[in-house]
Amino acid sequence: MSNKNFIINIIDKDSDSQTIHTRFPPEPNGYLHIGHAKSIYLNFEIAEKYNNATCNLRFDDTNPSTEQQEFVDQIILDIEWLGYSISNRTMFASDYFEQMYKYALQLIKQGLAYVDDQSASDVRKTRGTLTSSGVESRFRNRSIDENLDLFQKMKDGLYKDGEKVLRAKIDMSSPNLNLRDPVMYRIMHANHHRTKDAWCIYPMYDWAHGIEDSIEGISHSLCSLEFEDHRPLYDWFLNQLKIHHPKQIEFGRLNLTHTLMSKRKLAKLVYDKVVDGWDDPRMPTISGLRRRGYTPDSIKAFLNDIGVTKHDGFIDYSLLEFFVREDLNKISLRVMGVLDPLEIEIVNYPEGESEWLTAENNPEDKSQGERKIPFSKHLYIERSDFMEDAPKKYFRLSLNNEVRLKHAYYIVCKKVIKYKNGQIAKLLCEYDPSTKGGWSNDGRKVKGTLHWVSKADAIDANINLYDHLFEIENPDSSEGDFLDHISKNSKKTISNCKLEPSLKAAKLDQKFQFIRLGYFCLDSKNNKGLTFNRTISLRDSWAKKNKGSK
RNA sequence: UGGGGGAUCGUUCAAUGGUAGGACACAUGGUUUUGGUCCAUGGGAUCGGGGUUCGACUCCCUGUCCCCCAGCCA
């Protein structure tokens, strides 16, 4: 992490007197998204920055009703993909259940916790409101012995779900609602993905989290802004228990335009099949971004740039796009593919013959070498690269106009052949054999350069074109159902695209730039036929310029 | 209307009493065998009102606006 932020400033000071130890504590109830990546980046980079510092991955698996092993596995995979090693630093809150139980006993003995028989709705009703204080439970002043006995029976499974809870005895008139006798344990006869049926009481977040941090010797417990008014409770529990007391610091979570970070809503997109799964390339999940073709480096560069503050900001999606383009421009192999093919015939090129031309793989990185591409009489170009009557500023192919075929020859369009309905069927062109490689030294000005593919050698592929999932900037806070704002154009699949033959050997981890079109990668799911995903288009100042004039 | 936080170019992050700066976005030019990349240039901000000070984004007072909190979720 190259940038300073207010948390680093605090830790810099604290690091003089203590060993720094952070943690990333996801609940395994869904896939990780880029907002989690911000926290991962912060916590793990801090750990790498200080000598002997470490960062734990800790699953906050205290609610078996929503958690699953599948999510544990995916979270580990995503964190490792981002480049952080956690094989010997993976912890589970459920491993501390016994210790938490003992601490609860201690609190009861200190007269600071009690078993409450009230129903959930009674607890709610007696909590009071933002402006009025709550009412103490009539079970609040049970004896320590009775509380011990009742809590034992809760643990032993003598009660049904919801019949009793263990509450901390703090202050029912506190202006901070979190301090109005918060629930520490609830009864849930549920099968936990790790502890199975060993427990039927499960600790609540506020009770569990500080203990988890304390047990692991965490020095700085970094979390998001909404936990600010939980901090007094975090501190209260640790103070009463008199155990190691980490410092909780809150920062603003990531908000990105045109998408969502709410795990609940992302899950709805998955379960309602609005998208094709948690790893749908339109999802802001780590797995979605990976399948879309984003690299760990690009995501980290983005996270480094946006910084960490207490301000609840909204990052423009174009910033993320800038960082993928920047990375992909450096590493991707240049290739040629035609998405919307228009056939052209080079009339003065011999039928049945072909030649292999040399093409560089990456002008940004000569070490990536060269490859050969076949040229022949029958080619495809992009349909949008030809206009019969072109405006002055259009410097692609038009009738009697000369353009360059990238890495090949100059050609001139001589004749347009149309179907009866007026659609262009084929172009007849002439090439200049003396311009092999796409260059002449006679000073000819050829402004346009087109990508192309040899018809006989082309391979067919499907291509997924993606756009923002939501058409409005902030679907999360909009009126009505967030699903109403799903963009109809977020995914477009085109088939029968024509690609240069070298792409037959494409590997899953390779990044490609289809020249003049954008960055693409192989889709990681099984598809019918070869399928590429467009990660992001190239910047297009021509399209931008024309948008206003339409 | 109780409590906890936050307000700096369109967006985001800096400046910790001393020239308000960077990135993205936007605009304009140049280079270019990708209308990409790269390079150059430009417009553009301290929430309002008082005060302290030689000097205030920074400190004080006051007002305004925004976010979070009434799960046996995390």
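The model shown is predicted, which means the values in this text are computed figures rather than measured ones. Throughout, a chain's letter reflects where its sequence line sits, starting with A, and its residues are numbered from 1.
No side-chain donor from either of A:Ser221 and A:Lys247 sits under 3.5 Å from a side-chain acceptor of the other. When only modelled atom types and interatomic distance are considered, A:Ser224 and A:Glu226 share a side-chain donor-acceptor pair under 3.5 Å.
Among all heavy-atom pairs drawn from A:Asp213 and A:Pro246, the shortest one is CB-CG, 3.7 Å.
Across B:C67, B:C69, B:C73, the shortest atom-to-atom separation from the side chain of A:Met204 is found for B:C73. Nearest to the side chain of A:Asn176, among B:G3, B:G4, B:C24, sits B:G3. For A:Glu228, taking side-chain heavy atoms from C-beta onward, the closest of the listed nucleotides B:A74, B:G4, B:U11 is B:G4. Of the listed nucleotides (B:U8, B:A74, B:G2), B:A74 has the atom at the smallest distance from the side chain of A:Tyr205. Listed nucleotides B:A74, B:U34, B:U8 differ in distance to A:Glu226; the shortest reach to its side chain belongs to B:A74. For A:Ser318, counting side-chain heavy atoms from C-beta on, the closest listed nucleotide (B:A74, B:G2, B:C24) is B:C24. Looking at the side chain of A:Pro363, the nearest of the listed nucleotides B:G36, B:C72, B:A74 is B:G36.
Taking 4.0 angstrom as the limit, A:Arg180 places none of its side-chain polar atoms (N or O) nearer than this to OP1 or OP2 of B:C69. Residue A:Arg264 has no polar side-chain atom (N or O) positioned under 4.0 Å from OP1 or OP2 of B:G71. Of the side-chain N and O atoms in A:Arg516, one or more sit less than 4.0 angstrom from OP1 or OP2 of B:G35. Proximity of A:Thr309 to the phosphate of B:C13: a side-chain N or O atom is located under 4.0 Å from OP1 or OP2. Dashed line: the shortest gap from a side-chain N or O of A:Ser132 to OP1 or OP2 of B:G2 is not under 4.0 Å. Regarding contacts with the backbone of B:G36, a side-chain N or O of A:Ser541 is found under 4.0 angstrom from either OP1 or OP2.
Distance noted for atom P between B:G10 and B:G44: 10 Å (whole Å). When the C1' atom is used for both B:A23 and B:A14, the distance is 11 Å, rounded to whole Å. If you take atom C1' in B:G22 and the same atom in B:C61, they sit 34 Å apart, rounded to whole Å. Comparing the same atom, P, in B:A15 and in B:C57 gives a spacing of 15 Å after rounding to whole Å. Taking the P atoms as reference points, B:U8 lies 11 Å from B:U46, given to the whole Å. The P atoms of B:U19 and B:C13 are separated by 22 Å, rounded to the nearest whole Å. Nucleotides B:U12 and B:A45, compared at atom C1', are 13 Å apart to the nearest Å. When the C1' atom is compared between B:C69 and B:C54, the two are found 46 Å apart, to the nearest whole Å.
Within 4.0 Å of A:Lys310, counting heavy atoms only, lie sugar-phosphate atoms of the nucleic acid but no base atom. Among the heavy atoms of the strands, none lies under 4.0 Å from A:Lys330. Base engagement by A:Thr129 is indicated by at least one non-hydrogen atom pair under 4.0 Å involving a base atom. Nucleic acid contact class of A:His230 (heavy atoms, under 4.0 Å, all strands): base. Within 4.0 Å (heavy atoms only), A:Glu473 reaches no atom of the nucleic acid at all. Residue A:Leu319 is in sugar-phosphate contact alone, with no base atom involved, counting any heavy-atom pair closer than 4.0 Å across all strands shown. Using a 4.0 Å heavy-atom cutoff across all strands shown, A:Leu130 reaches at least one base atom of the nucleic acid. Contact annotation for A:Gly313: backbone-only contact, meaning every heavy-atom pair under 4.0 Å involves sugar-phosphate atoms and none involves a base. If you check every strand for non-hydrogen atoms under 4.0 Å, A:Pro203 touches sugar and phosphate atoms only. Heavy atoms of A:Tyr394 sit under 4.0 angstrom from at least one base atom. Counting any heavy atom pair closer than 4.0 Å across all strands shown, A:Tyr202 reaches no nucleic acid atom. The residue A:Arg127 sits close only to the backbone: its heavy atoms come under 4.0 Å of sugar-phosphate atoms, none of a base. Residue contacts for A:Pro232: at a heavy-atom cut-off of 4.0 Å it reaches no nucleic acid atom on any strand shown. Using a 4.0 Å heavy-atom distance criterion, A:Ile315 is classed as a sugar-phosphate-only contact.
Residue-to-nucleotide contacts include a donor-acceptor pair under 3.5 Å from the side chain of A:Asp229 to the base of B:G3. Contact annotation: side chain of A:Asn9 to base of B:U16, donor-acceptor pair present below 3.5 Å.
Using bins of under 30°, 30° to 60° and over 60° for the plane-to-plane angle, the ring pair A:Tyr202/A:His192 lands in the parallel bin.
Both thresholds, 5.5 Å between centres and 30° between ring planes, are met by A:Trp542 relative to the base of B:G35, so the two rings are stacked.
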- line: Counting primed atoms, P, OP1 and OP2 as sugar-phosphate and everything else as base, the B/S/- map of nucleotides 37-47 of chain B against protein heavy atoms under 4.0 Å is S----------
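At a threshold of 4.0 Å, the pair A:Glu27-A:Lys263 does not count as salt-bridged, since none of the basic side-chain nitrogens sits closer than that to a carboxylate oxygen. Contact check on A:Arg231 versus A:Glu250 returns a salt bridge, with a Lys/Arg side-chain nitrogen under 4.0 Å from an Asp/Glu carboxylate oxygen. For A:Glu360 and A:Arg334, the salt-bridge test fails: no basic side-chain N is under 4.0 Å from an acidic carboxylate O. Between A:Arg444 and A:Asp432 there is a salt bridge, since a side-chain N of the basic residue sits under 4.0 Å from a carboxylate O of the acidic one.
With a glycosidic angle more than 90° from 0, B:G51 adopts the anti conformation.
Under the 6.0 Å cut-off for aromatic ring centres, A:Phe520 and A:Phe532 do not qualify, their centroids lying 6.0 Å or more apart. Taking the six-membered ring for Trp and the full ring otherwise, the centers of A:His209 and A:Tyr205 sit less than 6.0 Å from each other. For A:Trp207 and A:Tyr103, the ring centers sit 6.0 Å or farther from each other. Checked against the 6.0 Å centroid criterion, the rings of A:Tyr101 and A:Phe151 qualify as a close aromatic pair.
The residue among A:Asn3 and A:Arg404 whose nearest nucleotide of RNA chain B is located toward the 5' end is A:Asn3.
Checking A:Phe71, A:Tyr96, A:Phe92 one by one against A:Phe59, the ring-ring contact (aromatic ring centres under 6.0 Å, His included) holds for a single residue, A:Phe92.
Counting only Watson-Crick and G-U wobble pairs whose two distances sit under 3.5 Å, RNA chain B takes part in these stems of three or more pairs: B:2-7 with B:64-69, B:10-13 with B:21-24, B:26-30 with B:38-42, B:47-51 with B:59-63.
Between the P atom of B:C72 and the CG atom of A:Leu166 lies a distance of 13 Å, rounded to the nearest Å.
For the pair A:Lys155 and A:Trp199, the cation-pi test (distance below 6.0 Å, angle within 45°) is passed.
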